[in-house]
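Have a look at the structure below before the remarks.
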There are 2 protein chains.
Amino acid sequence: MFPRVAIDAMGGDHGPETVIKGVALAVKKNPKLVPILVGDEALISPVVTKYEELKGVRIVHTADAVPADEKPSVALRSGKNSSMRLAIDLVKNGEADATVSGGNTGALMAMALIVLRPIDGIDRPALAAYLPTIDGQCCMLDLGANIECSADNLVQFALMGDAFCRVTSDVKSPSIGLLNVGEEEQKGNAAIRDASAVLMNPENGLNYAGFIEGNDITAGVVDVVVSDGFSGNIAIKTAEGTATFIINMMRRSYKSGLMAKIGYLMARPALKILRGKLDPQRYNGAVLLGLNGIVVKSHGSANHAGIDNAITIAVSMINNDFMADLKTSVRRSLKAVDKAENGTNPGK
Amino acid sequence: MFPRVAIDAMGGDHGPETVIKGVALAVKKNPKLVPILVGDEALISPVVTKYEELKGVRIVHTADAVPADEKPSVALRSGKNSSMRLAIDLVKNGEADATVSGGNTGALMAMALIVLRPIDGIDRPALAAYLPTIDGQCCMLDLGANIECSADNLVQFALMGDAFCRVTSDVKSPSIGLLNVGEEEQKGNAAIRDASAVLMNPENGLNYAGFIEGNDITAGVVDVVVSDGFSGNIAIKTAEGTATFIINMMRRSYKSGLMAKIGYLMARPALKILRGKLDPQRYNGAVLLGLNGIVVKSHGSANHAGIDNAITIAVSMINNDFMADLKTSVRRSLKAVDKAENGTNPGK
C-alpha cells in the first residue's frame, strides 16, 4: 500500500523549508509514502532538490495561500485556489488519501467541511489529538470545532475517538470517558447525561467508562476523553498553560542560588526525559474526524519533527483504513439506537 | 471590629481536631477574631482545652453532621439540625458575620442558598477561589455551582469577582477576563458574547479586559477569570491534574540515575519554593459569593494551615465590608444596564 498524502507546503509559521524538511524525514522513515506538495513551485522546487528522498515528487502549483489570521468565512470565499484548498481537493478527487496542513485552523476546518462533507451518521466533525498522560497518552475530542454540542454529537465524538484510537495506537478496546463536573449520574447538563445513557448501551460495542473529571485527563484514567468543543478547548489550553507555568517556576527556582544551579545541571538529563514527555512536537497532529477524507492539522509552530509526526498520523490512519472502520462503527451504533428506541433491545 | 465566624467543626476529612487547631492558629494570628464552634460538644470541648487562645470560646452543640457523600437534596431535608446548617443559621440570624465549613460542597451550597438567599440583583451564587499564577494569583469563578449560565449570570459573576478581589487582595481595580475559546469578538456562544457586550459598558465601573483563553489563567493575564460553572470546574480540575502529572513525572525523572538523585538533593531548596507556590493549603478557601452572608468552603482535605487560610479569607471579607461593596456594585451595574437599554447611554 502506498499512502498518498497531500501536503499544504505553504501552511505553518516557518514556511515551506520546514514543511518540506518534515516531508523528507517522513519519506526517509517510510519509503512507501507518496507525498504531494501543494504550493508555490518557485519556492518549493529549490528546497525539494536538497533531499534525495524527494526526487521526482509531485508538486501541485498555486501562488495563493490562506493568510494565518484570515477569517474562515473569508478564506472560504477567496481561498478557492489556495494551497490549503487544493490539498483538500486532492482528497476529494481521490488523488490523495489524506491531507496535512499547518495553516489557519479555522480556515482548514471550514474548507474541509464544505469540500469533504461529514460521512453518513455524523452530523459534525470534531478535532481530536493525543495528550501525554502519566503512563502514556490519551486521545481527546472535541478540542474546539463545535462550541455547542447535543447528546448525538457527543455520542458521535465517542465513536470517532474510539476508531481513531484503535487505528493509531496499540489499544484494541479503548476506554472512553465523558468529561463532566463529577462522576455521579445526575451531574452535568441534559446533553451529557443523555449521551451517557446511549453510550452505556453495550450494542454500541464501546468500552464506555462513564463520566470523568478534569484531573482524570492527564492521570490517564481513560484512553479517549469526549467533550464538547468549548470545554475541551478550555481544558487543553488550561493544561498547556499549567505546564508552561510550572516549567517557568522551576526555571526560576533553579536560578535562586548556586547549589540550586549545580543541582539543576546534575539533574538535567532526568529533566530532559520530562521535557520529552511534554514535547509538543511529539504530540503534533490534531485530526479533523468525521469527514469523507482524512485531514490532519499540524501546529503552526511545528518544526520538521512535528510535521513528520503529523504525516505519520495520517499514514497510520490510511494504512489501518480508518475511514472504513469509522463507517462500520457508525452503522452499528445507529442500529443499536434503533433497537433501543423500538424496544427490541432486551438490555434496555 | 470583632469579626464573628461560625465554624462547622465537624466538616472536613480530618475531624474536629484539625479544624480546631486551624481555628486556634487563626485566633493566635488575629486576636480580635471571635470564632463560634458548631458541632458535637463532647468531641469539641476536650480539643478546645488544649489551646489557650480558645479559652471561653462559644460552642453551639449538635450531634448531627452532614455525611461527606450525602446528596445535597437529602442533606437539605434531613440535615436541618446538622453542624453545617446551624453554622449557616448563625449567619442568617445575625449572630455571626460569616461561616466556614470543610464539609460536603454540594450540601453547603444548597443549604446556604436556601437559608441565606441571593442578594437583590444576583440570580445565582457562584463559587470563587484564588489560583496561583506566574507572578501572583488570580481569582476565578464560577468553579462549579452553576452548570448552565446566561449572559446575566456571567455579568453578575464579574461583579462578584471584582468585589471579592478588591476586598481580599491589594488590587484596587482588578482586570476581568471572560474565559472563552478565542480572543476574537465572534468566538464562543451567545451567552458569553452578550455578557461581553454588557461588561464593555464603562458605566459598570469594571476593568474589563475581554475574552481570555485557558492558557491565560496561570499566565496571570487578568486578576479575575469569569466562566460558567461547567467549563470553570473542568479548567480548575485540569490545572490540578496537570500539576500533579508534572510533579509525578519530575519525581520519576529524578529517580532515573545517581546523578539525577544527587542533583535533586542539591536543587531541593529551590524546588521547595515551587511547591510553596503550588501549595493547595495556601489557596484553600473557596467562597460562595452572592448570598446574604459570607460562606467560605474549606477543602475537605485541608490541614490546620488550610483551615486558618479559609478563616482568614472570611475575616478579610468581613473587615473590608464585602457585602456592602458588592451591593453597591450590583446597584451601579443595574443602573448602567437600564441606561443602556433606554438609549440614554451615549456610549452605546
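Here is how names work: the chains are called A, B, and so on, in the same order as the sequence lines, proteins then strands, and each is numbered from 1. Just so we're clear, the structure is a prediction, and the values are computed from it rather than from any experiment.
- Residue A/Q186 touches chain B through its side chain alone, counting heavy-atom pairs closer than 4.5 Å.
- Interface residue A/I147: only side-chain heavy atoms are found under 4.5 Å from chain B.
- Contacts with chain A were tallied for B/G232, B/G241, B/G214; B/G214 has the most, counting heavy-atom pairs under 4.5 Å.
- The candidate with the highest count of non-hydrogen atom pairs below 4.5 Å against chain B, out of A/I217, A/N189, A/D228, is A/N189.
- Remark: the backbone N or O of A/F245 is not paired with any side-chain donor or acceptor of B/T218 at under 3.5 angstrom.
- Neither the backbone nor the side chain of A/I236 comes within less than 4.5 Å of any heavy atom of chain B.
- If you measure heavy-atom distances from A/I234 to chain B, the contacts under 4.5 Å come from both the backbone and the side chain.
- Within 6.0 Å of the CD atom in A/E185, the count of heavy atoms belonging to other residues, nucleotides or ligands does not exceed 12.
- Of the inter-residue distances, the one linking A/K187 atom NZ with B/N233 atom CG reads 8.0 Å to the nearest 0.5 angstrom.
- Closest of all the heavy-atom pairs between A/A239 and B/T238 is CB-CG2, 3.9 Å.
- Minimum heavy-atom separation, A/F230 to B/L179: CZ-O, 3.8 Å.
- Note that CD1 of B/I134 is 9.0 Å distant from OG1 of A/T244, once rounded to the nearest 0.5 Å.
- For chain A, the nearby part of B/I192 is the side chain; its heavy atoms alone come within less than 4.5 Å.
- Both the backbone and the side chain of A/A235 come within less than 4.5 Å of a heavy atom of chain B.
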